[in-house]
Structure formats: C-alpha cells, structure tokens
Amino acid sequence: MSKRIPEQVNCAAKFIAALFLVAICLLGSGPARALEPIPVPLDADALDLTQAIEIRAGAGPRMQVSTAPGADGIVRRIEVSSRDGVNSDWAVFALANTSDEQVDRLLVAPYFRLVGSRMFWPDLGSSRIASITPSQGIAPERQKSLEADVYLITLDPGAVVTFVAEMTTPDLPEFRLWEPDAYEEAINAYTLYRGIILGISGLLALFLTILFVVKGTVMFPATAALAWSVLTYLCIDFGFWARVFNLDLGEDQLFRACAEVMLAASLIIFLYAYLNLNRWNIHYSHLALTTLVLLLGLLGVAVWDPSIAAGIARLSLGIIGVLGFATILVLAFQGYDRAIMLIPTWFLLLAWEIGAAMTVTGVLANDIVQPALGGGLVLIVLLIGFTVMQHAFAGGAIAQGLISDVERRALALTGSGDIIWDWDVDRDRIYTGNEVEDLLGLRHGALDGPARDWLEVLHPQDRDRFRSTLDAVIDQRRGKIQQNFRLRSEDGHFRWFRLRARPIVGSDGEVIRCVGTLLDVTEERTAEERLLHDAVHDNLTGLPNRELFMDRLKAALARAKAENNNRPTVLVINLDRFKQVNDSIGLSAGDSILLTVARRLSRLIGPQDSLSRLNGDQYGLVLLSELEPDRIVTVADALRKAVRAPITFGDREIFLTCSVGIALYEGEKQSIEDLVTNAEIALNHAKRLGGDRQEVFRPILRPLGKNLVDLETDLREAIKKETLGVYFQPIVRLEDQSIAGFEVLARWTHPKRGRVSPSEFIPVAEQSGLINELGTYMLEKGAHQLAQWQRSIPRERPLFASINISSRQLLKHDLINEVKAVLSRQSLAPGTLKLELTESLVMANPEYSSKVLERLRALGAGLSLDDFGTGHSSLAYLQRFPFDTIKIDQSFVKSNGNSARPVLLRSIVAMGRDLGMSVVAEGAESEADALELYQLGCEYAQGFFFGQAVTAEEATRLLRDAPKQAVSA
C-alpha cells in the first residue's frame, strides 16, 4: 500500500509536468506539436528531406521549438536565436538514428536548382541555410562548397535529434541527407561531366572565333557569339564562374540572369546573320533589330531585378525558337539552302526548349535533368557549328576567305567572260586562247605568236596605231593599253575588239609582260554606227537628213572660203501636188514614190555632191561638181525631167513634177542659213508661177520671202505672249445630242493682217520648227480648260478634249515628258485628254510610233486615229497601235453620190465598235448626216450642224445651257 502511493504520486507529477509543458508551448511563439523524427538508414546513400522539413517563415528573431520525443518519450523545449538578431525564416526537422552505430551524414541544400525554378520571376539561386542548431549532441559543422550549403552532422546510436535551421531564403527548393562518401562520388562524377562539357563548349567557341578571324563573314561571328554565350551560361551553372571571380557563396543571380539574356540575344543574332534575312524582306530586319534591342535592354533590368530579366529572357527564348522555326520553314519552302540545312538543328533546339520548360515548371524533376540540359545545349551549338561549316565548305565563306589575291583576280576575270590577252615581251609571243580564233574562224594557234604576226590580221587603218601603242608601253615602262581595233576573219569580214592591258615590270625595271583582256565589241560598234547613221540620215530613203545637209554645206562653205575656187550651190527640190497624190493612193505608195525620186536624183549627181531629204517631199542638194551658172541650170533641168518620168505603181502610172529653187554662192559674207533661205525663197517663187520649173534666187525675190519670215516671227511672238486663240469645236453624243467633248483648234487673229487661216500659218510653223512650240501651247491650254470644266461642271461621263499632234511632235523625244508634265499639273480624268494623230503621221516611223504611243497610253492619255480610212494601211495597223478612238474622215460622211459610201461607212463604224473603240464622225453638216450616222451606230459626231469652233467662254455657256436647250448650229 505504501509502495503504490509513491508510484501514483510519481505518475501524477509526470502528468502535471506534461500539462505544464503543453501550457508553455501554447503560450510560446512556436507550435506545440512535436516533430515526427525521420529514421536515418545505414544503407541509403541519400535521403530527400525536402518534403519532410517544416518551414516557419517570418517566425521572428528567436525560434522556440518542441523537440521530437526522445527514446524516453519526453518532449523537450529548445530556443534558437538568429545570428544577426533580425526577423528570420526557419526550418525544423528531426532525425532518428535507430541503429546501434554512430552515424555521420551531410545535410546539403543546393544554391541553384533549375527544377521548379519557375518560368516567371524564377528563383536564380542563393545561399539557403545560414546555420543549423541541434537539440542535442555535436553541433553541425559547415563544409566548404561552391554549389550548396553543406553541414556535417553526427547522430549517436539510438539518438533522436531535432534540428533548427536559420534560412536565408523563404523557401528551400531541395534539402537532402547524404552519406559523405556517396556525396563525394556524385560531386566528382558531375565534376568530370561538367569538365568535359565545358571543354567541348570552350573549344567550339574558340574554333568558331578563329574562323571569324580568318574570314570575317558575318555568319561566323554570329555563331561564335552564340557559342560564347552558351559557354558563359554553363560556367555560371557549373559554378566555374564563382571560382574565377571569387564571388560570395550563391551570389551569382545577376550573372545568371545576364547569361540567359545573352543566350536569347545571341540566338537572334545567329538566326539573322546565318539566314541573311536582310536579303528577303526589310520587315525581317526591323523585327530582328527590335527584338535584339529589347533583349539587350534586359541587361539594365537585370541590375535592378535579376529575376524579372531572367523570366522575360526565358519567355523570349521560347518565342524566338517558335518564330525562328516558322521563318526557317517559310524560307525552306522557297528553296533557300541555308534554311533547309538548319531545319534538323532547329527542331532539336525546340525539343530542348520544351524539356527546359518542363524542368523549370517542375514537370521533370530528375537529378540528371539539369546537367543533361547543359549537355544538350552544347550539342545544339555543335550542330549549328557543323551546319555553318558545311555551308562554308560547300563553296561558301571559307572557300572565299582562304583564296589569295591572285586567285580572286583570276576568278573575277573568269566571271567577266573576257578573253585573256598575254604578251610575253622577252619571248615576243602573244597568247589569247582559242576564243578569238573561234570567233574569227581561224585555226587554233594562228594568233599565238610574235606581235608582228598580228599586223597581218589587223585592219590596215589600225596597224600603225597598234604597233605604236605597244612600242610606247615598252619604252615608257608604264601606262596602259586601251584601244579598239579590227581583226580580219577567215571570210574576209572584220570584227571589232577592245584591248585593255597593263605592263608588268621585272626586277631590272624592264617590261617583261603585258597582260589584260580582249573583248569582242562588234555588236556594240555596229549598234553605235547604226545609231549615228540613223541620227543624221532619213530612215525611208537613206539620204542625209537636214542636220547632215547643213553640216556638209557648212564644210563646203569653209572650203570655198579657203580655196576661192570651189563655190557650192544649193538646190531645194519640192514635189508638186504630192499631198493630193499621197491622199489619193495612200501612204505606202507615197513612200515608194519618195524612195523612187531619191534614187533618180542620186543617179544624176556627182560623187562630190550631197543630196539630202530635208522634210516630207522636199530634197536639198549641195552642188559642187558644176560651177558655171548655165551648167547649174542644166543640172536642175535634168533633175526636173527625172522626176517628170512616169512612176509605175501596181497597174497604174503616176506622173509627178517638181519645182527647184537655186541659190548661188555670192561671197564670203554669205552664211549657210542665207543660202538655204535664198533657195527656199526661189522655190516658193517657182511654186507661185505654177510649179514644174526652176528659179534662181534674185534679190528682187526677197520681199516675197520676207513675208514668210515676218509671219514666222509674228507667230512666234503670238505663242510667247499667249495671244494665239484657242477654240473648241463641240463633239456631240448622237444618242442624246449632248456635248461629249471638244476638239481643240488654233485660230490666229494677226494684228495687221487680220484672221490668218490655219492652212497658212500651220505650214509656216512646220517649216520653221515652231510646230513643237505650237503643239505644246495647244496641249497646255486645252488641258487647262478641260480641267476647269471637269471641276466646275461635273457630269456622269466626264468631258474629253481632242488635241492634234504633228509629225515633228511625235518624233520629238520630249513629247512623252511634256504630256506627263501636263497631266501631272492638271487633275484630269484618265483618258479624257485625247491626242489626235493621222495614219500618215504614225506610219512615217511605225516602230518608233508604236513605242511612243504605248508610253503615252500608260501615262493616262487617250489616243485618237484621225482621218481614218484615207489610206489602205489603216486596217493593217489598227490593232498594232493602242488607239481607243477612230475619227472617220469627212469624205465618208458627206453625201457625194457614191453608192459605195454607205457600205464603207457602215463597215468602218461596225469595225470600230467590234474592236471596243469609240467612233467619231467628222463633217456632219446636216440633220440627215446626223440621223444617218446615228442609225449606223456611230457614237459621236462633229461638224457645222452641231456647232463651229467657239471660244472657251462660249463653250462654257453651251455646257451650262445644255440641260435647257439642244445644241444646234
């Protein structure tokens, strides 16, 4: 009984003590529940404690913890203070040694762990544990390590020890208990692996850098930059960076963030440089440059917050991988070799990015994932380097970078296609290969020999120049050979060659070789000669034109002034009534007549005489073979008789006559203009006397010619002062008799002579060259007035205006620029400014006319074929030229009693409509004419019945009154 009472008291005391401890725990700062100890097996190399530890974030500067129950079942209470006395984060765990042996283990908390580090605001690593305090036994000893917080702990047999760890970060991504030997083996194994990876990466970066030094092609520095970025990232990830720069433990967040940024930036640089994106589209360059600038801007963000910069860099790396792969596929489908070669490597890069994304998000958590990703990154760079090298060795950058200057010059010469010309001066032997001999049809080796052998195949006029040029180069020991010469081919024809060579001087200062190129320029010289010939010759007759005529006359006058015995005479020959003949038989027949007359006249002159075609049906002759006036008149009479002979054309004979004006040389004071003017004055006098005669210029004839000169001067002044009248004749739409447009006509009221007929001042303008200024004047005024009408009087179908173009304007090279300038200054509806050209004008030079008309049509000008049907060439060339309107000649509209007229008129209208052209009939002088044209389907008409040419003000009133009253004559 007495023994049982103390036992009960003892049990009560223990119960009270337990309650007291519970109360203390409830009142203290830490939780009251006891920890569950983790048994430490002897045969386990590593034990993962990450999920078993208890994290107490922000628990304060002191931590009170209830220990795990010991072997005796007692829960004790311990208190731990932080090292710096500040509010800290704490980790609590308990270990139990269930064996009867003392156990030594290593507690390891890595600074950085890629697994679970997150995509956004990633954990870039840090020192995790500042200190560890045990509830009993020996205090843990911190071990030296550059990669983790490592503490050596000792557990006595059967001991249960509670550990309180002061943390430097709020979380602990990985916490393991290692057997010391196993941990050392793992570290050594990873160290060897990392050394191999770093060695391969370093050698690869160094090799690509060397290639960049050898040949600075942009793809090599871009690839080398990517390799160095990967090497830098691996050095930081493997801890090598901290060893080199002696960083504090775990304090490499800034460098790790910068490495990830540079990795993304270098990938952009490589993709842009290797694919040469600037050759495909400017948008590629803008996108790459913008992305690169933004990524490099992250370096500044990394200084402020490395976690934000690294998160953006990781996201950018994924986006670059996807968009880069899409770009590679697009270029690969276009057949770009570089893109095709990069597909496998980039696909592997995408697989690596997917694995990295799964790792940082915690989907892949194996210990080998992080080293494997580092090795995969090196493998990708290695494959990229092989791809670049494969492209280089396939004939790209390296083959170009390692050639010598001599080889580069040889390649350039081969690419130019020129023939090599090499003269060995010491041996006096010229080598040109077989190309020249093949061009000339000579046997191989015929031109390989001494320089003097070339004189036999050179053109006689080129031999002395060729010989003197070679001698001069040898004598002067400098300079260059650059000359054109002709070589005779086997069939006797000559081909032009251009030689360009330089001397090579030996060590003794003498010329030992001349080396250069030989180029066949036969086609070029032929084209130049053809252009020069066409520039000063008439393209129909082949005779010299007016410019060459004046030049030869100038030379003859200079010779006459120097020798005093060679007096030139100027004859101007003009065919009588040629326009009527041309209108009746057509342009082709007219051209044949002009050619026949030119041949007849050419047979009657001497070799020193010069016959030219001045214009149209007018010829000029500089007569030097005859000096006596009576003999000159005899020659003129012979010329007239030659023209008077009948010309057979088809089944009909055509009779022509001509008038001849003669101007004799009167002395040194006479200029070429005076001679030509005097001859033309005499010609005009012969025309006034009925034609078919020759007249010699006499001073008494000058007043008659002066009228024309004065008229030309007054016309020039009227154009300059804009006093020349611009009138508008209505063109009516027959469907509703509304005004559809106007033909722009020139009317001149002379201040002294009154109204001058266009038939009088237009020929003066053509002969004097004023027709170009007159045409430009009418074009400007007509377009300006049309633009005003289109702005002020809007219509459903805009008004158009037709303006006549002369032959000189069409053949003038500035016509296109003038029309372009007018259209640019005036805002006109497309196609409403119509240029009227006659078929005779177009057929004067059909090839040139076709090109000019195409250009005018492309500018937005309308094209109208005037006087349609007056020549048989119209139908043959109607579709060849881009006309959109045809104007039927008034001879088909007026009733002349010809039974075939209605049939022809109906055919022309139907043909124009079938070809999609607008048809305008000229010469509608009565209501019957208008009704007939409307019934035939003609769309437009003009004539006295619809209105004569009026001023711009009157035409404006007609347009404004059009809805109120019909247009009438």
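Starting from 1, each residue takes its place in the sequence as its number.
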Asks: Measure across Ile816 and Leu859 and return the closest heavy-atom pair with its distance rounded to 0.1 Å.
Replies: O-CD1, 3.6 Å

Asks: Taking the side chain as every heavy atom from C-beta outward, state whether Leu543 and Leu601 have any atom pair closer than 4.5 Å.
Replies: no

Asks: Counting only N and O atoms by type, is there a donor-acceptor contact under 3.5 Å from the side chain of Arg857 to the main-chain atoms of Pro882?
Replies: yes

Asks: With no hydrogens and no angle check, is any side-chain donor or acceptor of Arg600 less than 3.5 Å from a backbone partner on Ala645?
Replies: yes

Asks: Side-chain contact, heavy-atom cut-off 4.5 Å: Glu836 with Ile803?
Replies: no

Asks: Just wondering, do Phe742 and Ile731 contact through their side chains at under 4.5 Å, heavy atoms?
Replies: no

Asks: Walk me through whether Leu837 and Phe883 qualify under side chain to side chain contact (heavy atoms under 4.5 Å, CB included).
Replies: CA-CA 10 Å; Leu837 304 97; Phe883 290 104; 4.1 Å; yes

Asks: What are the two closest heavy atoms between Leu540 and Leu595, and how far apart are they?
Replies: O-CD1, 3.8 Å

Asks: Apply salt bridge (Lys or Arg N to Asp or Glu O under 4.0 Å) to residues Arg698 and Glu666 and explain how you reach the verdict.
Replies: CA-CA 11 Å; Arg698 303 180 298 280; Glu666 299 176 353; over 6 Å; no

Asks: Go through it in stages, so that I can follow the logic: the residues are Arg495 and Val521, the test is side chain to side chain contact (heavy atoms under 4.5 Å, CB included), and I'd like the CA-CA distance, side-chain angles, deciding distance and then a yes or no.
Replies: CA-CA 8 Å; Arg495 297 186 68 88; Val521 293; over 6 Å; no

Asks: Please report the interatomic distance CG(Leu774) to CZ(Phe761), rounded to the nearest 0.5 Å.
Replies: 6.5 Å

Asks: Which heavy-atom pair separates Gly620 from Phe549 by the least distance, and what is that distance?
Replies: C-CE1, 3.6 Å

Asks: Between Arg613 and Thr541, is any side-chain donor less than 3.5 angstrom from a side-chain acceptor?
Replies: no

Asks: Below 4.5 Å, heavy atoms only, C-beta onward: do Glu680 and Leu675 meet side chain to side chain?
Replies: no

Asks: Under a 4.0 Å threshold between the charged nitrogen and the carboxylate oxygen, would Asp462 count as salt-bridged to Arg465?
Replies: yes

Asks: Say you draw a straight line from OG of Ser671 to NZ of Lys554; how long is it, rounded to the nearest 0.5 Å?
Replies: 11.0 Å

Asks: Just so I know, are the side chains of Leu745 and Met778 near enough to count as touching, which here means a heavy-atom distance under 4.5 Å?
Replies: no

Asks: Kindly check if the number of other-residue, nucleotide or ligand heavy atoms within 6.0 Å of CZ (Arg747) is above 12?
Replies: yes

Asks: Salt bridge check: are Glu524 and Arg498 linked by an N-O gap of less than 4.0 Å?
Replies: yes

Asks: With a 6.0 Å cut-off (strictly less than), is the heavy-atom count around CZ of Arg825, excluding the residue itself, greater than 12?
Replies: yes

Asks: Nearest 0.5 Å, please: how far is CG in Leu604 from OG in Ser625?
Replies: 10.5 Å

Asks: Is there side-chain contact between Trp748 and Arg755, with at least one heavy-atom pair below 4.5 Å?
Replies: no

Asks: Do you know the tightest heavy-atom contact between Trp496 and Arg525?
Replies: CZ3-NH1, 3.4 Å

Asks: Are any of the side-chain heavy atoms of Tyr777 and Glu722 separated by less than 4.5 Å?
Replies: yes

Asks: In Å and rounded to the nearest 0.5 Å, what is the CD1 to OG distance from Ile605 to Ser610?
Replies: 7.0 Å

Asks: Could you pull out the closest heavy-atom pair between Ser659 and Gly691, with the gap in Å?
Replies: OG-CA, 3.2 Å

Asks: Count the heavy atoms of every other residue, nucleotide or ligand shown that sit under 6.0 Å from CD of Glu523, and state whether that count exceeds 12.
Replies: no

Asks: Once side-chain contact (heavy atoms from CB on, under 4.5 Å) is applied, do any residues pair with Lys851, and if so which ones, sequence neighbours excluded?
Replies: none

Asks: Taking the side chain as every heavy atom from C-beta outward, state whether Gln942 and Lys887 have any atom pair closer than 4.5 Å.
Replies: yes

Asks: Taking atom NZ of Lys687 as the centre, report whether more than 12 heavy atoms of other residues, nucleotides or ligands fall under 6.0 Å from it.
Replies: yes

Asks: Determine whether Val676 and Arg546 satisfy the following criterion, side chain to side chain contact (heavy atoms under 4.5 Å, CB included), listing intermediate values before the conclusion.
Replies: CA-CA 11 Å; Val676 175; Arg546 189 181 188 91; 4.0 Å; yes

Asks: Supply the atom-to-atom distance Leu683 CG to Asn574 CG, rounded to the nearest 0.5 angstrom.
Replies: 5.0 Å

Asks: Could you list all the side-chain hydrogen bond (donor to acceptor under 3.5 Å, both in side chains) pairs where at least one residue sits in residues 633-645, not counting sequence neighbours?
Replies: Asp637-Arg640, Asp637-Lys641, Arg640-Asp692, Arg640-Gln694, Arg644-Asp692

Asks: Out of Ile908, Leu865, Leu904, which one pairs with Ile888 under the side-chain contact (heavy atoms from CB on, under 4.5 Å) rule?
Replies: Ile908

Asks: Report the distance from atom CG of Asp929 to atom CD of Glu922, rounding to the nearest 0.5 Å.
Replies: 13.5 Å

Asks: If you compare all heavy atoms of Tyr619 against all heavy atoms of Leu594, which two are closest, and at what distance to 0.1 Å?
Replies: OH-O, 2.8 Å

Asks: Go through the side-chain N and O atoms of Glu818 and Thr776 and say whether any donor and acceptor fall under 3.5 Å apart.
Replies: yes

Asks: Answer with yes or no whether the side chains of Glu743 and Asn804 bring together a donor and an acceptor at under 3.5 Å.
Replies: yes

Asks: Take Val570 and Leu621 through the test side chain to side chain contact (heavy atoms under 4.5 Å, CB included) and record every step on the way to the result.
Replies: CA-CA 6 Å; Val570 176; Leu621 174 63; over 6 Å; no

Asks: Verify, without hydrogens or angle tests, whether Asn772 (side chain) and Gly775 (backbone) share a donor-acceptor contact under 3.5 angstrom.
Replies: no

Asks: When you measure from the side chain of Asn684 to the backbone N and O of Ile681, does any donor-acceptor pair fall under 3.5 Å?
Replies: no

Asks: Using a strict cut-off of less than 4.0 Å between a Lys/Arg side-chain nitrogen and an Asp/Glu carboxylate oxygen, indicate whether Arg693 and Glu695 qualify as a salt bridge.
Replies: yes

